[in-house]
Number of protein chains: 2
Amino acid sequence: MHINFTDRELDVMSVLWNAQSATVAEVRERLADDLAYTTVLTVLRTLEQKGHVAHTGEGRAHRYRPLVKRAAAGRSALRRIVDKVFDGSPELLMTQLVSDKNLTDEELRRLRKLLAERLRERKP
Amino acid sequence: MHINFTDRELDVMSVLWNAQSATVAEVRERLADDLAYTTVLTVLRTLEQKGHVAHTGEGRAHRYRPLVKRAAAGRSALRRIVDKVFDGSPELLMTQLVSDKNLTDEELRRLRKLLAERLRERKP
DNA sequence: CTCTATCTACTAGCGTTGTAGTAGATGATA
DNA sequence: TATCATCTACTACAACGCTAGTAGATAGAG
């Protein structure tokens, strides 16, 4: 299955993934951009229509929760990038990731650790 | 800078990255989906308008080449995924990749080396 | 020189995205 | 109870994306 969120939808999903669930007001609060309340509501409603989130009543408000898991969305997005940008080579993608100038030293060190673990756990 | 290709644009860019440069007919040939000639032309023209490709004349045809490098597009796309889907954690993304696609030990070692170099070159 | 294939330029229509306003319901407050 | 704040539903509308058609230029075939 081929999930594809728009920019704004992804912003909203990101909030929901981090918060587990949220009302419109809560989502709005946590978004970086300052959008109108109704705008956020509209985005949530279209996400619901597409089957990516669901809501349950909470007083007069609605509480939204994601139906799509973070990992599934990640897999889908990554596959696309690997295919189209990195010509089907995940290694190329990782190389890119590692040479990204925006990564902090701390992040790089953690990556190194992860790799080391991965290698160790394969050796035997 | 924040590059953002649409799905179809990305398909076309992918062809250009792989071929170095191509005419409309060549791009059309290499696309997975069977689009009308004019459709492909339109996509190329909008890409040009956005400054992502350029063309030079070749007989009565135009030859298009990418102005945006693969790596730049990759960086941009990855940033976005790391931020929004993997909550700013590149190692989470990496874990996903490593477990999803089966990388060889050799590939992992090369990555480790690359990582070490990157870290060394930052220290000073 | 005429016909045909091929190419670009321009135009178009429909669906989606992004943003938000207005209307009406309802819970809280004075 | 009258008013205010807040919430959803519905509507709007411009910009963009995706697809492709038509018109007109031109190179090559005969």
Side-chain angles (χ1 to χ4, degrees), chain A residues 1-16 19 21-66 68 73 76-77 80 84-85, chain B residues 1-16 19 21-65 68 73 76-77 80 83-85:
Chain A
M1 196 236 312
H2 193 52
I3 310 168
N4 211 359
F5 297 114
T6 68
D7 274 9
R8 195 53 93 191
E9 284 173 356
L10 194 51
D11 289 343
V12 170
M13 289 304 293
S14 180
V15 170
L16 291 183
S21 81
T23 62
V24 178
E26 286 163 8
V27 171
R28 175 161 182 267
E29 235 162 48
R30 287 163 201 240
L31 285 175
D33 296 341
D34 202 10
L35 299 177
Y37 184 100
T38 49
T39 301
V40 178
L41 174 61
T42 304
V43 174
L44 280 165
R45 283 165 68 75
T46 67
L47 277 170
E48 181 158 45
Q49 190 149 29
K50 293 183 184 173
H52 299 321
V53 309
H55 79 269
T56 48
E58 174 171 291
R60 69 229 127 96
H62 289 177
R63 172 158 295 270
Y64 289 87
R65 67 178 185 289
V68 177
S76 194
R80 179 160 178 76
K84 300 295 179 183
V85 183
Chain B
M1 198 235 308
H2 194 49
I3 310 167
N4 213 357
F5 296 114
T6 68
D7 276 8
R8 195 51 93 191
E9 286 173 353
L10 195 51
D11 291 341
V12 170
M13 290 303 294
S14 181
V15 170
L16 291 183
S21 80
T23 62
V24 178
E26 286 163 8
V27 170
R28 176 162 181 266
E29 235 162 48
R30 287 162 199 242
L31 285 175
D33 296 341
D34 201 12
L35 298 178
Y37 185 100
T38 49
T39 302
V40 178
L41 174 61
T42 305
V43 175
L44 280 165
R45 283 166 68 74
T46 66
L47 276 171
E48 182 159 44
Q49 190 149 31
K50 292 182 184 174
H52 299 320
V53 309
H55 79 270
T56 49
E58 174 170 292
R60 67 231 129 97
H62 289 177
R63 171 159 295 271
Y64 289 86
R65 67 179 185 289
V68 176
S76 197
R80 186 177 141 75
D83 282 356
K84 301 293 180 183
V85 182

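Side chains included, hydrogens not; waters and symmetry mates left out as well; all remaining heavy atoms used. Letters go in sequence order (proteins before strands), and every chain restarts at 1.
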A.B. asks: Below 4.0 angstrom from OP1 or OP2 of D:dA9, is there any side-chain N or O of A:Arg45?
C.D. replies: yes
A.B. asks: Of the nucleotides C:dA20, C:dT8, D:dC18, which one has an atom closest to the side chain of B:Val24?
C.D. replies: C:dT8
A.B. asks: Of all the choices, C:dA20, D:dC7, D:dT19, which nucleotide is nearest to the side chain of B:Val43 once you look at every atom?
C.D. replies: D:dT19
A.B. asks: Indicate, with a heavy-atom threshold strictly under 4.0 Å, whether A:Thr46 touches base, sugar-phosphate, or nothing.
C.D. replies: nothing
A.B. asks: In this structure, how many angstroms lie between the P atom of D:dA9 and the CG atom of A:Leu44, rounded?
C.D. replies: 11 Å
A.B. asks: Classify the angle between the aromatic ring planes of A:His52 and A:Phe5 as parallel (below 30°), tilted (30 to 60°) or perpendicular (above 60°).
C.D. replies: perpendicular
A.B. asks: Starting at atom CZ of A:Arg28, determine the distance to atom C1' of D:dA5, rounded to an integer number of angstrom.
C.D. replies: 14 Å
A.B. asks: Looking at CE of A:Met13 and CG of A:Leu44, how far apart are the two atoms once the value is rounded to the nearest 0.5 Å?
C.D. replies: 9.5 Å
A.B. asks: In whole Å, what is the span from the CD atom of A:Glu58 to the P atom of C:dG27?
C.D. replies: 14 Å
A.B. asks: Starting at CD of B:Glu26 and ending at C1' of C:dT8, how long is that distance when rounded to a whole Å?
C.D. replies: 16 Å
A.B. asks: Please tell me if B:Tyr37 has a side-chain N or O lying less than 4.0 Å from either OP1 or OP2 of C:dT6.
C.D. replies: no
A.B. asks: Find the distance B:Gln49:CD to C:dT8:P and express it as a whole number of Å.
C.D. replies: 16 Å
A.B. asks: Could you give the distance from CZ (A:Arg45) to NE2 (A:His55), rounded to the nearest 0.5 Å?
C.D. replies: 8.5 Å
A.B. asks: Would you say the side chain of B:Thr38 and the base of D:dG21 hold a donor-acceptor pair, judged only by whether the two atoms sit under 3.5 Å apart?
C.D. replies: yes
A.B. asks: Is any side-chain N of the basic residue among B:Arg8 and B:Asp11 closer than 4.0 Å to the acidic one's carboxylate O?
C.D. replies: yes
A.B. asks: For the side chain of A:Thr42, starting at C-beta, report the closest nucleotide among D:dC7, C:dA20, D:dC18.
C.D. replies: C:dA20
A.B. asks: For B:Thr39, answer base if it contacts any base atom (sugar-phosphate contacts may also be present), sugar-phosphate if it contacts only those atoms, and nothing otherwise; contact means non-hydrogen atoms under 4.0 Å.
C.D. replies: base
A.B. asks: Kindly indicate, with the supporting measurements, whether the criterion side chain to side chain contact (heavy atoms under 4.5 Å, CB included) is fulfilled by A:Thr6 and A:Val43.
C.D. replies: CA-CA 10 Å; A:Thr6 68; A:Val43 174; over 6 Å; no
A.B. asks: When the distance from CG of A:Asp34 to C1' of C:dG18 is rounded to whole Å, what number comes out?
C.D. replies: 15 Å
A.B. asks: Assign B:Thr23 to base, sugar-phosphate, or nothing according to its heavy-atom contacts below 4.0 angstrom with the strands shown.
C.D. replies: nothing
A.B. asks: For A:Arg60 and for B:His62, find the nucleotide of DNA chain C with the closest heavy atom, then tell me which residue's nucleotide is more 5'.
C.D. replies: B:His62
A.B. asks: Could you tell me how far apart A:Leu41 (CG) and C:dA20 (C1') are, to the nearest whole angstrom?
C.D. replies: 11 Å
A.B. asks: Return the value, rounded to whole Å, for the distance between atom CG of B:Leu35 and atom P of D:dG17.
C.D. replies: 16 Å
A.B. asks: Mapping A:Asp33 and B:Arg63 onto DNA chain C by nearest heavy atom, which one lands closer to the 5' end?
C.D. replies: B:Arg63
